Student: 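What follows is a single structure, and I will ask about it in a moment.
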Amino acid sequence: MTEQGERAPTGAGATDRTAAPGRLGEDTAVRPPGEVRVWPRTFADRLTAPLPGVRGMTRLARERSLRPDAEGLRGIHRLPHAPAPLPVPVTGTVAVTWAGHASWIVRIGGLTVLTDPVWSRRILGTPARITPVGVRWEDLPPVDAVVISHNHYDHLDAPTLRRLPRETPLFVPAGLGRWFRRRRFTRVTELDWWESAELDGVRFDFVPSHHWSRRTLIDTCRSLWGGWVLGDRQGTGQRIYFAGDTGYGHWFKEIGRRHPGLDLAMLPIGAYEPRWWLADVHTDPEEAVQAYEDLGARAMAPMHWATFLLSAEPVLEPLTRLRTAWRRAGHPREQLWDLPIGASRVLDGVSDRASSAACATPPEPR
């Protein structure tokens, strides 16, 4: 890991991050799907903050602040979980269903797209998930594509991906394609920041985030990290933003500038305590509201909470703080899609609507 204060190396082939923004993201480079590319050995030059070193890890172990205390765990039984049938796809609409953590089922432009699919009960280094997956794997429609934000185990889950046909189109960060090709996936598209690819009229734009990557002790920042903007190019033109995993920073305004008029922003609100350890890589609820404002999105759907115990905040606190920050900011309540796990919401191009009882808002935590 890069020590605090260490100068990150500049990797060859780095994207020019100062390019002037175009209209509706048109300045991004469109790459052919499935292209095999050569990448720099490291993407450490893309870090927006130094990674904590041995001193920080020692402090974390000494403070024992990796998980909520007993009082913070008392709300597990009240975490919102309300599985319901997936909405019937309708031409000209976009539907999103929260399966838990950063896993969404997105129906857009006639495609079914999974984001960071994790259907496993356990992931490396954490206790078992504290809420069940919101949609059973056998209840999923055929998966047309998958997007991956980065290679951390709570976002890139090998057992889940093994369930997919090997010809499933995969859109992944630069440097991560080899991991998938070694597992015999045949339609892997790697993208750098501000690049895009298209599949059957749906555009996939890879955008920056404030995060990092590592899967083993020797591959820190060997692959890129980021979020995705998905857009229906042939229908209503609706676009949604999936942030993946990120801290707060300048990239949100830049994404909003290059992709104005986003219909929905799916933003992380959990895994943020202690702040001295996680502030650079995970937004807290108040920062998520600020990111939503920076993006200029029409609605926000929170994620990255209520699923795995990755940090020390009480399990219900992310939703409570989010709703408080939302009210204080004066945003309309109907623009906050704080769905229970397993629930869905539908955008129809004019106004969003519920998918029957599936979009019931979770009760206010007490």
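In this text, all values refer to a predicted model and were calculated from it rather than measured experimentally. Numbers here are sequence positions counted from 1.
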Student: Distance only, no hydrogens: is a donor on one side chain within 3.5 Å (strictly under) of an acceptor on the other, for Thr48 and His210?
Tutor: yes

Student: Please name all residues satisfying side chain to side chain donor-acceptor pair (under 3.5 Å) with Arg178, sequence neighbours left out, ordered by chain then number.
Tutor: none

Student: Can you label the angle between the Trp193 ring and the Trp225 ring as parallel, tilted or perpendicular, going by 30° and 60°?
Tutor: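 Perpendicular: the ring planes of Trp193 and Trp225 meet at over 60°.
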
Student: The criterion is side chain to side chain donor-acceptor pair (under 3.5 Å); which residues satisfy it with Thr131, sequence neighbours excluded?
Tutor: none

Student: Would you call Ser311 and Trp277 a side-chain contact if the rule is heavy atoms closer than 4.5 Å?
Tutor: no

Student: Can you list the residues that meet the side chain to side chain contact (heavy atoms under 4.5 Å, CB included) rule with Pro141, with sequence neighbours excluded?
Tutor: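 Side chain to side chain contact (heavy atoms under 4.5 Å, CB included) list for Pro141, sorted by chain: Leu86, Arg107, Thr112.
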
Student: Looking only at heavy atoms, what is the nearest atom pair of His304 and Ala271, with distance?
Tutor: CE1-CB, 3.6 Å

Student: ring-ring contact (aromatic ring centres under 6.0 Å, His included) with His331: which residues, sequence neighbours excluded?
Tutor: Tyr292, Trp326

Student: Write down the atom of Asp157, the atom of Pro117, and the distance for their closest heavy-atom approach.
Tutor: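 Taking Asp157 first and Pro117 second, the nearest heavy atoms are CB-O, 3.8 Å.
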
Student: Applying side chain to side chain donor-acceptor pair (under 3.5 Å), name anything that partners Arg166, two or more places apart in sequence or on another chain.
Tutor: none

Student: Could you tell me whether Arg298 and Asp263 make a salt bridge, using a distance below 4.0 angstrom between a side-chain N and a carboxylate O?
Tutor: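 A salt bridge links Arg298 with Asp263.
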
Student: Considering non-hydrogen atoms only, spot the tightest contact between Ala243 and Pro268 and give its length.
Tutor: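 Closest approach of Ala243 to Pro268: CB-CD, 3.8 Å.
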
Student: Applying side chain to side chain donor-acceptor pair (under 3.5 Å), name anything that partners Asp116, two or more places apart in sequence or on another chain.
Tutor: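 For Asp116, the residues satisfying side chain to side chain donor-acceptor pair (under 3.5 Å) (neighbours in sequence not counted) are Ser149, His155.
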
Student: Tell me if the aromatic rings of His152 and Trp212 count as close, with their centers under 6.0 Å from one another.
Tutor: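 They qualify: ring centres under 6.0 Å apart.
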
Student: Indicate whether any N or O donor in one side chain lies under 3.5 Å from an N or O acceptor in the other, for Tyr272 and Glu286.
Tutor: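 Checked: Tyr272/Glu286 side chains show no N/O donor-acceptor pair below 3.5 Å.
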
Student: Can you sort out the partners of Glu190 under salt bridge (Lys or Arg N to Asp or Glu O under 4.0 Å), two or more places apart, ordered by chain and number?
Tutor: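 Residues passing salt bridge (Lys or Arg N to Asp or Glu O under 4.0 Å) with Glu190: Arg181.
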
Student: By the definition side chain to side chain contact (heavy atoms under 4.5 Å, CB included), identify the one residue from Val118, Val172, Leu161, Ile123 that meets it with Leu156.
Tutor: Leu161

Student: Under the rule for ring-ring contact (aromatic ring centres under 6.0 Å, His included), what residues qualify as partners of Tyr248, not counting sequence neighbours?
Tutor: Phe252

Student: So, are Arg46 and Asp192 salt-bridged, with charged N and O less than 4.0 Å apart?
Tutor: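 Salt bridge present between Arg46 and Asp192.
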
Student: With salt bridge (Lys or Arg N to Asp or Glu O under 4.0 Å) as the rule and sequence neighbours excluded, what pairs involving residues 124-148 come up?
Tutor: Arg136-Glu138, Arg136-Asp139

Student: With sequence neighbours excluded, tell me which residues meet ring-ring contact (aromatic ring centres under 6.0 Å, His included) with Tyr241.
Tutor: none

Student: Does anything in residues 66-97 form a ring-ring contact (aromatic ring centres under 6.0 Å, His included)? List the pairs, not counting sequence neighbours.
Tutor: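 Sorted pair list comes back empty.
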
Student: Which pairs count as salt bridge (Lys or Arg N to Asp or Glu O under 4.0 Å) when at least one residue sits in residues 57-73, sequence neighbours excluded?
Tutor: Arg59-Glu63, Glu71-Arg74

